[in-house]
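The next block holds one structure in the form of C-alpha cells; read it before the comments.
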Amino acid sequence: MLALYAMSRITREDVERTADLARLSLSNDEIESMTHDLGQILDHVEQLQALDTQGIEPTAHAIPLATPLRADKASPGIDPDLALANAPSSDAYAFVVPKVIEAEEG
Amino acid sequence: MKLQSLEEQRAALDASEVSSVELVELALTRAEGTGTDLGAIVGLRAEAALAAAAGSDARRRAGEIRSPLEGAPVVLKDNMVQKGEPTTCASRILESFVSPYDGAMAEKLEAAGAIILGRANMDEFAMGSTTENSIFGPARNPWDTSRTTGGSSGGSAVAVSAGITGFALGSDTGGSIRQPASFCGVVGMKPSYGRVSRWGLVAFASSLDQIGPFTHSAREAAWVLEAIAGHDARDSTSLPEPAPALESALTGDVKGLRIGLPREYFVDEGADPGVVEAVRGAVSELESAGAKVVEVALPHTPYVVSTYYLVATAEASSNLARFDGVRYGRRAENVQDLDEMYKRSRSEGFGREVKRRILLGTYVLSAGYFDAYYRKAQQVRTLVRGDFDRAFEACDVIIGPTYPEVAFPIGARMDDPVSLYLGDIYTVSANLAGLPGISVPCGQHQGMPVGMQVLGRPLDEATLLRVADAFQRRTDHHEHRPPGSA
C-alpha cells in the first residue's frame, strides 16, 4: 500500500496541508484513506488535461446575470435575539469564542 | 381511492370527499409507519401541519383556493429552512439547528396553500447519490428495501413513491432530484438554474444548486413549479422572470417535435442494456405520437463528471467554511483556542463524504493547483455548454437514460467514490449548463423502475413538461406503485 501512495499524485503531506487549510483535523486512519481516495479522484480528473482549452473563457455561472443592485437604504434585519438563538455560546448581543488575542506581557 | 397522488388529492378536495385535515392525518400516519420504516422522513410537525390544514379547509369553505396545491401535504428535503423548525442537512454539525427565518420554499408553499408536513432524509449536505451518508441512517427503496433510493434527495423521492405525500421538494446539484426519482419510479424535475429561489436552501455548490419537485405526473410537476418559481431579490442568481405558465403548455401534442438522441449516451460501454431498452421504447412511443428523432453529438460527455466534481467540490469547500462553531451548529467542547475550536468542531461535525469533498475542493483551489484543476474545469464547463447550444440547433429536447443502471444494493458503492461519481454522467451536464431536466418513469428492469431523462433549452421548462406529459398520456408507467404500498 505504501508503494501505491508513493506513486499517487497526492501525498500524505499534501492531505495534511490541505486539511489544515480546510480547518479539519484528521485521524491517522482518515489521512491514509483520504490520501488514497483523493489520489484516485485526481487520477481520474487528470483526463481534462488532454483537452485543449487555450483561449476558452471559464464559466463561473451557467446563466450570466449582472450583479443586481439595490438602493442603499436601511431595512429591518434579523432580530438580534433570533440571530443568537443558535449560538453555541453567547452573551448579551455577542457570540462568545475562545480568546483570540493574548494579553500583552508587562 | 388511495389519495396518494397530488391529482387524486386535489380532485377529492374539490369534490368535498376529503378535507385537508383528513389528508394531513392520513399523511402523518403513513409518514410514521412506512416513512419511518423506509428511513424517508426525519422530522414531522404534526401540530403545525394540522393547524395549517384547518386553515386551508376554512379558506376552501369560504371559496378561496390559492393554487392546485391548496390543502395538499408536502415534505421538504432537510436542507430547506422553515422558521421555528429544525434543519439538519442530515449532518451532526447541524443536529440542533432551528431556523430563525422562513426560506423562500416555506413562504411559496404557504402562499400556495400547501401543508408542510415535515422533513425528508438526504445525503449529508446533499453530497452523495444514495441517501446513505445521513446521521439518520440510510433511506430504503420502496420497490426493494435492500436497495438504495438514490440521492441525495432520497427521502423526498420515497415520500412520493411510497405514497406518503403527493409531492415533495428536493434539490439537485448534479442529479440529486432526477436520479432518486429514476430509482424510485417517480417524476423528478430540476428547473433551469435561477428559476427557483435558493433563499433558505443550505448551499452546497451555489452555481449548480437548484430546487425542484417530485410528483407522479408531469402535470403535477407543472403545478408545483408554477407555485415555487419566480424572481426573488434575496437570491442574487434568481432569474428576473415571473413564474412561467406551464399547465397551459401541456397540450399532449408532440407532432413535429424533434427529439435529439446523443450518440455518446447510447454507446455500447454505456448504460445497462436493460435501461437503454426501456428508454428506446419510450422514444418509440413519442415517435408514434408524431415526434421526430435526430442523432445529436455531445462530444464532451466523457469529461462532464470530472468537470462537475472539480467545480462542485471547490464551491462546497468555500460554502461549508461557514460551519465554524461560532454562530450556529456544533461546537466542540474543551477547546483551548480558536483554531482548535474550528478544527475539532468541523471534524466532529462532518461525515466522511463531506470531509472528502471539502478536502478535494480545498486542494483544487489551493495555490499551485488552481489553474490546473479549477480554472481548467471552468473552461471545460464552457465547452460542455457549447455542446448543448449546438445540439439544440438540431432538436427541441434531448432524451436519454437518467442513470446508467437501476437502483443498486445499499452499501454496494460505499468504498468506491470514483465509480459512484461516474454514474452521474447523464445528470451533471444539466447543472453545468444550467438546463432544465426531468426524469420520467419509462419502464422496468430487474423489477426496478427505469427513468428517462428529458433535457431542454435553458428556461424551456414548458417544452420539457409537454413532452413528459404527452408520454404519460400514452403510457401508464407512472401509475405503477411499489409492492406493498398503502
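Here is the naming used below: chain letters follow the sequence lines, and residue numbers restart at 1 for every chain.
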From CA spacing to verdict: side chain to side chain contact (heavy atoms under 4.5 Å, CB included), B:Tyr421, A:Gln40: CA-CA 12 Å; B:Tyr421 295 173; A:Gln40 277 196 333; over 6 Å; no
Heavy-atom contact with chain A under 4.5 Å, split by part of B:Leu432: backbone
Option in A:Asp14, A:Asp20, A:Leu26, A:Leu84 with maximal non-hydrogen atom pairs under 4.5 Å from chain B: A:Asp20
Salt bridge flag under 4.0 Å for residues B:Arg352 and A:Asp37: yes
Check: residues 63-81 of chain A side-chain donor-acceptor pairs under 3.5 Å, at least two apart:
residue: A:Asp79; atom: OD2; partner: A:Asp81; partner atom: N; Å: 3.0
residue: A:Asp79; atom: OD2; partner: A:Leu82; partner atom: N; Å: 3.4

Test log, rule side chain to side chain contact (heavy atoms under 4.5 Å, CB included), inputs A:Lys99 and B:Leu338: CA-CA 7 Å; A:Lys99 200 184 326 180; B:Leu338 197 61; over 6 Å; no
Chain A contacts, top residue of B:Tyr328, B:Tyr342, B:Tyr101, B:Tyr303 (heavy-atom pairs, under 4.5 Å): B:Tyr303
Enclosure of B:Arg92 CZ (heavy-atom neighbours >12, cutoff 6.0 Å): no
Donor-acceptor pair, side chain of B:Arg346 and main chain of A:Ala22, under 3.5 angstrom: yes
Leading residue by heavy atom contact count with chain A [cutoff under 4.5 Å; candidates B:Gly361, B:Ala372, B:Ser238, B:Pro458]: B:Ala372
B:Tyr363 OH to A:Ile10 CD1 distance, which is reported to the nearest 0.5 Å: 4.5 Å
Separation of B:Thr237 OG1 from A:His61 NE2 (nearest 0.5 Å): 6.0 Å
Test log, rule side chain to side chain contact (heavy atoms under 4.5 Å, CB included), inputs A:Val96 and B:Val326: CA-CA 7 Å; A:Val96 175; B:Val326 174; over 6 Å; no
Within-4.5 Å side-chain heavy-atom neighbours: A:Leu42 and B:Leu360: yes
Validation row: A:Pro98, B:Gln336 side chains within 4.5 angstrom (heavy atoms): no
Chain A contact via B:Arg327 - side chain, backbone, both or neither, heavy atoms under 4.5 Å: both
Per-residue contact mode, A:Ala19 against chain B (heavy atom under 4.5 angstrom): both
B:Ser317 portion near chain A, given a 4.5 angstrom heavy-atom threshold: neither
Proximity of B:Tyr309 and A:His44 rings by center, below 6.0 Å: no
Residue part contacting chain B, namely of A:Glu30, when any heavy atom lies under 4.5 Å: side chain
Derivation and outcome, side chain to side chain contact (heavy atoms under 4.5 Å, CB included), residues B:Thr362 and A:Leu24: CA-CA 11 Å; B:Thr362 304; A:Leu24 290 171; over 6 Å; no
Nearest-0.5 Å distance that lies between atom CZ in A:Arg23 and atom OG in B:Ser347: 11.5 Å
Heavy-atom pair with the smallest gap, counting every atom of A:Pro88 and B:Gly325: CG-O, 3.4 Å
Report, one line per pair, each donor and acceptor closer than 3.5 Å where one atom sits in a side chain of residues 52-59 of chain A; sequence neighbours left out.
residue: A:Asp52; atom: OD1; partner: A:Gln54; partner atom: N; Å: 3.0
residue: A:Thr53; atom: OG1; partner: B:Lys376; partner atom: NZ; Å: 3.0
residue: A:Thr53; atom: OG1; partner: B:Gln379; partner atom: OE1; Å: 3.1
residue: A:Thr59; atom: OG1; partner: B:Thr382; partner atom: OG1; Å: 2.6

Where B:Pro100 and A:Asn86 come nearest, the two heavy atoms and their spacing: CD-ND2, 4.0 Å
Part of B:Ala433 within contact of chain A (heavy atom distance under 4.5 Å): backbone
Contact origin within B:Phe323 toward chain A - heavy atom pairs under 4.5 Å: neither
Option in A:Arg17, A:Met34, A:Gln47 with maximal non-hydrogen atom pairs under 4.5 Å from chain B: A:Gln47
Interface residue of largest heavy-atom contact number with chain B, from A:Leu51, A:Val97, A:Val15, under 4.5 Å: A:Leu51
Under 3.5 Å donor-acceptor, B:Arg381 side chain and A:Ala60 backbone: yes
Engaged part of B:Ser206 at the chain A interface, taking heavy atoms whose separation is under 4.5 Å: backbone
When A:Ile41, A:Leu21, A:Val100 are compared by non-hydrogen pairs under 4.5 Å with chain B, the top option: A:Ile41
